[in-house]
Amino acid sequence: MLNFALVGCGRIAKRHSELLGFNEINGARLTSVCDTVEEKSKKIGKQFNVPYYTDMNEMMQKEDIDVVSVLTESGNHAKHVINLAKYGKHIVVEKPMALTTDDVDDMIMACEKNRCRLFVVKQNRFNVPVIKLKEAVNNNRFGKLFMATVRVRWCRPQEYYDQASWRGTWAMDGGVLTNQASHHVDLLEWMMGKVDSVYAKGINALADIEAEDTAAVILKFRNGGIGVIEATTAIRPKDLEGSLSVLGEKGSVEIGGFAVNKMLHWSFPEQKDGDEEVMDEYSVNPPNVYGFGHQAYYEHVVDSILSNKQHMVDGLEGRKSIELISAIYESMETRKEVFLRFKPEKCKLGSRL
């Protein structure tokens, strides 16, 4: 049994605490929580009858902890992971794992130095239709992949951004691409492979924030294919879509729903056993945009630790989407195509000037 602690008791902590606190993850249990705002940590601590703290160092020193989940503000992920790594406990960090590649590299180094494993939350990789799509990609059912698209059409009214002063800021959050669409950006690259270049435009359609609430991106993949990212939090009055489509010379697949949760299209000219059941068997109906992936993700974390197996999204894997998003923001600022393996010059993400 692994003892989990939470650092950060904000919006996303509800999902993490319920999974661990209600014993929905075999081999895992919630044993303590921490937030600098005592009211937040106390609420979750009392709900699950576990100790609550306002100082993460005090919690790490007093409690028997195997894994700590970092759920703080995006711009604080790096410093919190680096600080926690010194205790030698495994670390789960929510998306985005950091806001700059320099911070990501420091996080990876700190965990390697202290021999603790770093797990980056990418729960949508565990959605059942996404797993089926990845299986088709790995088995080369598409042949030549030539296009992939993600669409994030969600509703985040001004009240959402006003709930916390860090939301929508360059220093601590970024915009729709860094926050709401970061999982979808990850899925796009996971399916299509390495990106060569990006060209992007972003605007503030409705939100009064520093970063963008609406963006469109064109990507060129190393395999010769192209990709499109369409992302916005300006949909009204409610969430509409979180989708992914992949097109190849030998087939096409589209996953839709509001959380990349529903198989909408599965078409290959060469039929294989099970194809007729895919549309019915590989769709789920989650209650919200978080989907069901967090449960499968935590089960993967527990299995990886107890069995000493390689995990799906370590620091190096998580770094890919941060580099890609940084390149996208660089393109927005320079109004030019940006090639990967670049040094950011105009990108504002993570800037504390």
Legend entry - Test of ring centre spacing under 6.0 Å for H183 and W190: no
Legend entry - Aromatic ring proximity W266/Y282, centre distance under 6.0 Å: no
Legend entry - From CA spacing to verdict: salt bridge (charged side-chain N to carboxylate O under 4.0 Å, His left out), R29, D66: CA-CA 10 Å; R29 62 188 174 195; D66 299 302; over 6 Å; no
Do [X] and [Y] sit within salt-bridge range, that is, some charged N less than 4.0 Å from a carboxylate O?
| X | Y | value |
| --- | --- | --- |
| D196 | K220 | no |
| E39 | K42 | no |
| R153 | E241 | yes |
| R125 | E317 | yes |
| K309 | D303 | yes |
| D275 | R141 | yes |

Inset, instruction - Report the C-alpha distance between N179 and D173 in whole Å, list the side-chain angles of each, state the deciding distance to 0.1 Å, and finish with yes or no for side chain to side chain donor-acceptor pair (under 3.5 Å). - result: CA-CA 7 Å; N179 194 323; D173 188 23; 3.1 Å; yes
Legend entry - All side chain to side chain donor-acceptor pair (under 3.5 Å) counterparts of T149, not counting sequence neighbours: none
Inset, instruction - For D213, check side chain to side chain donor-acceptor pair (under 3.5 Å) against everything at least two apart and list the hits. - result: none
Inset, instruction - Report whether V195 and V137 are members of the same hydrophobic cluster (ILVMFWY, side-chain heavy atoms less than 4.5 Å apart, transitive linking). - result: yes
Inset, instruction - Identify which one of E63, M60, M59 satisfies the side chain to side chain contact (heavy atoms under 4.5 Å, CB included) criterion when paired with C34. - result: M59
Inset, instruction - Return yes if a side-chain donor-acceptor contact under 3.5 Å exists between N83 and K86, otherwise no. - result: yes
Inset, instruction - May I have all residue pairs that pass ring-ring contact (aromatic ring centres under 6.0 Å, His included) and include part of residues 105-127, sequence neighbours excluded? - result: F119-H311, F126-Y297, F126-H300
